[in-house]
Amino acid sequence: MEKLLPRFLEYVTTDTQSDPYSKTTPSTEKQWDLAKKLVMELHQIGMQEVSIDENAYIMATLPGNLDKKVPTIGFISHFDTSPDFSGKNVKPQIVENYDGKDIVLNKLKNIVLSPDYFEDLKAYEGQTLITTDGTTLLGADDKAGIAEIITAMEHLINHPEIKHGKIRIAFTPDEEIGRGAHKFDVEKFGAEWAYTMDGSQVGELEFENFNAAKAKITVTGKSVHPGYAKNKMVNAIGIANDFLTHLPPSEVPEHTTGREGFFHVHKIKGEIEKAEIELIIRDHDAVHFQARKDLLNDIKEKLNKKYGEYINLAIEDQYKNMREKVEPMYHIVEIAEEAMKSLQIEPIIKPIRGGTDGSQLSFMGLPCPNIFAGGHNFHGKYEYVPLESMEKAVMVIVKICELTASQIR
C-alpha cells in the first residue's frame with residue numbers, strides 16, 4: 001500500500017479535464033499526458049497485454065494463476081476530470097490525523113472545509129485526508145479509482161499465493177462528459193463482467209443509475225428600439241424566463257435525493273434576439289423519465305401558442321438505468337457485497353444519483369456495477385478523499401478477485 005498515496009498524488013497533479021464541446025476522443029489533448037504515463041506504469045508493475053488505442057482507451061491483463069477455469073472479470077476507471085471546475089495546477093494538501101475540526105483550504109481566500117456543512121467529515125477523525133487548496137477540484141473522481149486498481153494489481157503480482165482468475169483492467173477518457181464508454185471495445189476487453197471503481201464513500205455498491213438526457217432550449221427573438229417596441233419586440237430572454245417558471249421548482253438537484261428525479265438548468269445565456277438554456281433530465285424510473293421529456297415538449301408547445309413559433313427544443317438521450325442488465329446477473333453484486341463484509345465493510349447498496357461508464361457498458365454487453373473509490377464532494381473545491389478509504393477499496397478489489405476464483409466452472 002505504500003505506493004498508493006504517491007501514485008494518487010502524481011495522477012491528480014496531471015490536468016485531464018474533459019470538454020463537452022469537443023468532437024474528438026479524447027475530448028482534450030491533455031488527457032493523453034496521463035494516459036501515456038499509465039501505460040508505462042502498467043508495463044513497469046508487470047501487467048501483460050498492455051494496450052492503448054487511437055482514442056486513449058487503455059487495457060491490460062493480469063493472467064490467472066489457477067489450473068481450473070473461473071470467470072474473467074474486469075475493473076474500470078476513468079482518467080478525465082469534470083469540466084465543471086478547474087483541474088489545472090491541482091495542489092493537493094495532506095491532512096494527517098484529522099482532528100475533526102475545520103480545515104482551512106485557502107487562508108487567503110477564506111475557503112474552509114467544515115464538518116458543520118459537510119457532515120461526512122466527522123466520520124474520518126484520526127484519518128489522513130487529501131484535500132484541494134481551494135482553487136481547483138482534486139480529481140479523486142476518478143483518479144482514486146485508477147490508483148486503487150493499479151495498486152491492487154501490483155499487490156496480486158507481488159503475492160502469487162493469492163489465487164485468482166484472469167483479470168482485465170481498463171482506463172477510459174471522457175466519462176465526465178458522458179462519452180466514457182462510447183468507443184470502449186467490449187469484445188476486446190473480454191470479461192464476463194466488470195466493476196467500475198467510481199463511487200464515493202466507503203461501502204457504496206451500486207447497480208442502478210439515472211436514466212439521463214440533455215436538453216437545449218433556443219429562443220429566437222426580435223430586437224426593436226424599446227421606445228417603439230409595443231407589439232413589435234420579441235424579447236428572447238423574457239420568453240426563456242417564462243419557460244423556466246413552468247418547471248417544477250422542487251424537482252431540482254438541491255431539493256431531491258434517493259430515487260427522486262430532477263431537472264437541472266446548468267447554463268443560460270441570452271440577448272433580446274437569442275436566448276439559450278441548457279439543462280439535464282434525470283430519473284431512475286423509465287416512465288417518470290419519459291414524463292419529464294414530455295413535460296418539456298408540452299411547455300414548448302404551450303409557449304409557442306402564447307408567443308408565436310419562437311422556441312425550439314432539442315432533447316438527446318445520454319444513458320439508461322443499468323439495473324435491467326445487472327439484475328439478471330445479481331451474483332456479481334453479491335460477490336462484491338461478500339468481499340466488503342469479509343473486510344468488515346458495511347455494504348451500502350443504493351442507486352447512483354449520476355452516471356457511470358458502467359451504465360453504457362452494461363447495455364453494451366458488459367454488466368458493470370459500481371464500487372466506492374472513497375472520495376467526497378466531487379467536481380468542486382471542497383473535494384477530498386481519506387487515504388484509509390482508498391486502502392479499503394484496494395482490499396475490496398483484491399478480495400473480489402479471490403472470491404471470483406472460488407466460482408468453479
Side-chain angles (χ1 to χ4, degrees), residues 3-4 6-19 22 24-63 72-82 87 139-157 166-198 356-362 364-366 368 370-371 373 390 393-394 397 401:
K3 293 184 181 178
L4 178 59
R7 186 169 270 148
F8 174 67
L9 295 178
E10 181 179 356
Y11 300 164
V12 298
T13 52
T14 304
D15 182 10
T16 56
Q17 190 176 49
S18 48
D19 178 5
S22 169
T24 63
T25 304
S27 61
T28 51
E29 192 69 21
K30 57 192 174 184
Q31 290 183 63
W32 283 104
D33 295 338
L34 182 55
K36 291 174 182 177
K37 290 180 184 178
L38 293 174
V39 169
M40 290 178 60
E41 187 172 9
L42 291 171
H43 281 296
Q44 288 167 357
I45 69 169
M47 294 293 286
Q48 298 185 20
E49 299 176 334
V50 179
S51 67
I52 182 168
D53 67 14
E54 66 275 13
N55 297 305
Y57 286 77
I58 300 166
M59 294 184 184
T61 299
L62 179 60
T72 298
I73 63 171
F75 296 91
I76 301 169
S77 290
H78 63 91
F79 49 78
D80 69 312
T81 59
S82 172
D141 180 12
D142 188 26
K143 292 168 183 174
I146 294 174
E148 290 154 6
I149 291 171
I150 292 181
T151 302
M153 295 302 104
E154 187 175 45
H155 182 79
L156 289 171
I157 290 169
K166 181 179 178 180
I167 303 163
R168 291 281 281 160
I169 66 169
F171 305 134
T172 69
D174 293 339
E175 189 270 355
E176 294 292 1
I177 57 174
R179 305 205 300 253
H182 280 17
K183 297 181 180 180
F184 191 101
D185 191 334
V186 170
E187 184 177 356
K188 177 184 175 183
F189 193 57
E192 294 187 37
W193 71 82
Y195 302 93
T196 50
M197 301 300 298
D198 196 15
T356 170
D357 279 346
S359 168
Q360 296 179 60
L361 292 170
S362 293
M364 292 164 66
L366 181 66
C368 205
N370 190 47
I371 293 174
M390 294 176 63
V394 172
I397 294 170
C401 295

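Residues take their numbers from the sequence shown, with the count starting at 1.
A donor-acceptor contact closer than 3.5 angstrom links the side chains of Asp142 and Ser77. Residues Ser18 and Asp174 have side chains that never bring a donor and an acceptor to within less than 3.5 angstrom of each other. Defined by atom type and a distance below 3.5 Å, a donor-acceptor pair is missing between the side-chain atoms of Ser27 and Arg179.
Closest non-hydrogen pair, Thr25 versus Asn55, comes out as O-OD1, 3.4 Å. Between Ala152 and Ile397, the shortest heavy-atom distance links the atoms CB-CG2, 3.5 Å. Contact between Ile169 and Met47 at its shortest, heavy atoms only, is CD1-CE, 3.9 Å. Nearest heavy-atom pair across Ala194 and Phe189 is CB-CE2, 4.1 Å. For the residue pair Ile157 and Leu62, the shortest heavy atom distance occurs at CG1-CD1, 3.5 Å. Here the closest non-hydrogen pair linking Ala373 and Gly145 is CB-N, 4.0 Å.
Counting heavy atoms from C-beta outward, Ile58 and Leu42 have side chains that approach closer than 4.5 Å. Inter-residue side-chain proximity for Asp141 and Thr81 is flagged as unmet; no heavy-atom pair is nearer than 4.5 Å. Taking the side chain as every heavy atom from C-beta outward, Leu156 and Cys401 approach each other to under 4.5 Å. Looking only at side-chain heavy atoms (C-beta outward), Ile149 and Phe171 come within less than 4.5 Å of each other. Side chains of Glu49 and Met59 form no contact here, defined as non-hydrogen atoms less than 4.5 Å apart. Between Thr151 and Met390 the shortest side-chain heavy-atom distance does not fall below 4.5 Å. Put simply, the side chain of Lys188 reaches to within 4.5 Å of the side chain of Arg168, judged on heavy atoms. Using a 4.5 Å heavy-atom threshold, the side chains of Ile52 and Leu38 count as separate.
Under the rule for a ring pair (Phe, Tyr, Trp, His ring centres under 6.0 Å), Tyr11 has no partner lying at least two apart in sequence or in another chain. The ring pair (Phe, Tyr, Trp, His ring centres under 6.0 Å) check on His155 picks up His159, with sequence neighbours excluded.
Of the charged side-chain nitrogens involved, none lies within less than 4.0 Å of a carboxylate oxygen, so that Glu41 and Lys3 do not count as a salt-bridged pair.
Side chain of Thr28 to backbone of Gln17: a donor-acceptor contact under 3.5 angstrom is found. The closest donor-acceptor contact from the side chain of Tyr57 to the backbone of Gly180 lies under 3.5 Å. A distance-only check finds a donor-acceptor pair linking the side chain of Ser362 to the backbone of Cys368 [under 3.5 Å].
A distance of 9.0 Å separates CH2 in Trp193 from OG1 in Thr72, rounded to the nearest 0.5 Å. Going from atom CD1 of Ile76 over to atom CG of Asp357 covers 7.0 Å, rounded to the nearest 0.5 Å.
Heavy atoms of other residues, nucleotides or ligands lying less than 6.0 angstrom from NZ of Lys37 number more than 12.
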Quiz item: Given Val186 and Leu361, is the side chain to side chain contact (heavy atoms under 4.5 Å, CB included) satisfied, shown in steps?
Solution: CA-CA 8 Å; Val186 170; Leu361 292 170; 4.2 Å; yes
